[in-house]
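The figures that follow rest on heavy atoms only: side chains count, while hydrogens, waters and symmetry mates do not. Everything numeric in this text was worked out from a predicted model, so none of it was measured. Note on naming: letters A, B, ... go to the chains in the order of the sequence lines (proteins, then strands), and numbering restarts at 1 for each one.
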There are 2 protein chains.
Amino acid sequence: MTGAPSYPAAHARLLAYMKAHGLKLTRQREQILEAFLGAEKHVGVEELLGLVRRLQPGIGHATVYRTMKLFVDSGIATERKFSEGATLYEPEDGGHHHHDHLICTRCGTIVEWENEAIEELQEQVARQHGFVLTDHKMELYGLCSNCQKKA
Amino acid sequence: MTGAPSYPAAHARLLAYMKAHGLKLTRQREQILEAFLGAEKHVGVEELLGLVRRLQPGIGHATVYRTMKLFVDSGIATERKFSEGATLYEPEDGGHHHHDHLICTRCGTIVEWENEAIEELQEQVARQHGFVLTDHKMELYGLCSNCQKKA
DNA sequence: GTCACTGCAAAGCCTTTGCACTGTG
DNA sequence: CACAGTGCAAAGGCTTTGCAGTGAC
């Protein structure tokens with residue numbers, strides 16, 4: 001813990017967003033940011049809370065929920081609601097290349113992938129129905145190679 | 001209201017499932033089935049409850065929840081959890097052709113579509129990562145043509 | 001008659017909100 | 001020092017569960 005942010009790009013983006021909106025950078029927000037980016041996978045609020053509490057035992061649910069919402073608004077995080085249970089968050093890297101998920105229904109492994117051809121077909125489908133696309137969500141569920149062996 | 005089921009195929013499938021599992025066909029279940037299939041679109045529990053209460057004012061939430069779960073297990077219904085709010089159900093027609101959804105983020109209209117090419121690409125993606133696909137879920141969000149005009 | 005089903009109300013998740021206190025800018 | 005942010009606990013949706021009474025088989 002040097003005090004220097006480990007993720008300068010995200011940190012900068014957050015600062016810019018906050019400045020633009022008259023918000024404040026608090027210790028909690030910095031710590032949540034570090035924990036969130038350090039996790040390097042999809043994290044839920046409960047898990048994040050656990051991570052941050054190592055540094056900041058008194059922090060409450062509400063703060064994490066509110067902060068993650070802030071991160072989403074500032075473009076640092078994306079919210080994912082998978083089929084089961086609670087919302088997970090993942091870092092939104094600056095480059096806007098969208099990706100989707102492949103999820104093992106047995107062990108819960110999540111693999112990220114992207115496919116330009118599918119994206120184009122999606123646009124096509126939307127156009128055919130007179131829609132303008134703003135977003136999409138695609139999850140493939142199956143068994144990963146490990147779990148196939150075990151099954 | 002003749003007493004004869006309006007949807008003999010689904011009715012039969014439900015009967016078979018119940019017989020096989022030692023379950024009982026109650027008035028409530030029949031009425032929920034009629035209301036569900038009659039809706040001909042994605043319905044949530046609350047809406048279904050409203051429909052069924054016209055016939056059966058005293059029916060409770062829990063019964064509808066439990067019955068929809070039964071319908072899902074028996075293969076009559078599919079559960080869909082879209083990004084916002086509550087679970088919706090839709091009839092699972094005997095033919096297994098999968099379809100996905102296009103959802104207007106302004107008025108909530110849901111359009112069903114299917115695209116063979118996308119399905120194939122999905123299989124390809126899964127294979128590339130060593131997965132065997134069992135299911136998927138794809139939702140496109142955007143503005144329908146009506147809402148584009150208004151916006 | 002049995003045993004599954006029902007309706008009600010209570011409890012369970014996850015998430016949001018209200019409020020008095022705190023701390024950033 | 002103003003006003004956004006925090007922590008707590010309470011309240012909110014949606015869904016599930018426990019229980020005593022009911023009704024299908």
Side-chain angles (χ1 to χ4, degrees), chain A residues 3 5 11 14-33 35-36 42-50 52-74 77 79-89, chain B residues 3 5 11 14-33 35-36 42-50 52-74 77-89 108:
Chain A
H11 205 265
L14 183 57
L15 272 179
Y17 180 86
M18 298 211 292
K19 188 160 208 171
H21 292 77
L23 307 178
K24 292 170 180 173
L25 181 58
T26 62
R27 195 169 66 262
Q28 288 88 335
R29 285 176 179 174
E30 284 197 300
Q31 290 175 338
I32 294 171
L33 181 63
F36 169 54
H42 302 76
V43 279
V45 167
E46 215 53 44
E47 186 173 358
L48 217 35
L49 196 61
V52 180
R53 277 193 171 154
R54 293 185 194 162
L55 309 171
Q56 183 77 21
I59 198 170
H61 290 241
T63 301
V64 178
Y65 276 107
R66 287 186 279 230
T67 301
M68 291 317 296
K69 198 138 284 182
L70 168 65
F71 288 0
V72 170
D73 291 343
S74 69
E79 211 179 62
R80 300 277 178 180
K81 301 187 181 197
F82 297 114
S83 282
E84 302 305 326
T87 304
L88 299 183
Y89 295 89
Chain B
H11 205 265
L14 183 57
L15 271 177
Y17 180 86
M18 299 214 289
K19 189 159 208 172
H21 292 77
L23 307 177
K24 291 170 183 174
L25 181 58
T26 61
R27 195 169 65 264
Q28 287 88 335
R29 286 176 177 174
E30 284 198 298
Q31 292 175 337
I32 294 171
L33 181 63
F36 169 55
H42 301 76
V43 279
V45 167
E46 215 53 43
E47 186 174 356
L48 216 36
L49 196 62
V52 180
R53 277 193 172 155
R54 293 183 195 163
L55 309 170
Q56 184 77 21
I59 198 169
H61 290 241
T63 301
V64 177
Y65 276 105
R66 287 188 279 229
T67 302
M68 290 318 295
K69 197 138 284 181
L70 170 64
F71 286 179
V72 169
D73 291 342
S74 69
T78 307
E79 211 180 61
R80 300 277 178 179
K81 300 188 181 197
F82 297 114
S83 282
E84 303 304 326
T87 304
L88 298 185
Y89 295 89

Mind running side chain to side chain contact (heavy atoms under 4.5 Å, CB included) on A:F36 and A:F71 for me, showing each step along the way? CA-CA 10 Å; A:F36 169 54; A:F71 288 0; 4.1 Å; yes
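- Ranked by how close their nearest DNA chain D nucleotide is to the 5' end, A:H61 and A:L70 are led by A:L70.
- Dashed line: the shortest gap from a side-chain N or O of A:Y65 to OP1 or OP2 of C:dT15 is under 4.0 Å.
- Every side-chain contact (heavy atoms from CB on, under 4.5 Å) that B:Y65 has, sequence neighbours left out, goes to B:V45, B:H61.
- For B:T63 and B:G22, each mapped to the nucleotide of DNA chain C holding its nearest heavy atom, the one lying further toward the 5' end belongs to B:G22.
- Atom OG1 of B:T87 and atom NZ of B:K69 lie 8.0 Å apart (nearest 0.5 Å).
- Where the helix from C:dG1-D:dC25 to C:dG25-D:dC1 starts and where it ends, the local axes point in directions that differ by 30°; five pairs per end, rounded to 10°.
- Ring orientation note: the planes of B:H42 and B:F82 are nearly perpendicular, at an angle over 60° on the 30°/60° scale.
- Among the nucleotides D:dG7, C:dT15, D:dT15, the one closest to any side-chain atom of A:Q56 is D:dG7.
- At a threshold of 4.0 angstrom between heavy atoms, the contacts of B:K69 are confined to the sugar-phosphate backbone, with no base atom among them.
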Take nucleotides 17-25 of chain C nucleotide by nucleotide from the 5' end and write B, S or -, depending on whether a protein heavy atom sits under 4.0 Å from the base, only from the sugar-phosphate, or from neither. BB----BBS
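- B:T87 has a side-chain polar atom (N or O) that falls below the 4.0 Å cut-off from OP1 or OP2 of D:dT15.
- At C:dG7, one or more side-chain N or O atoms of B:Q28 fall inside 4.0 Å of OP1 or OP2 (strictly under the cut-off).
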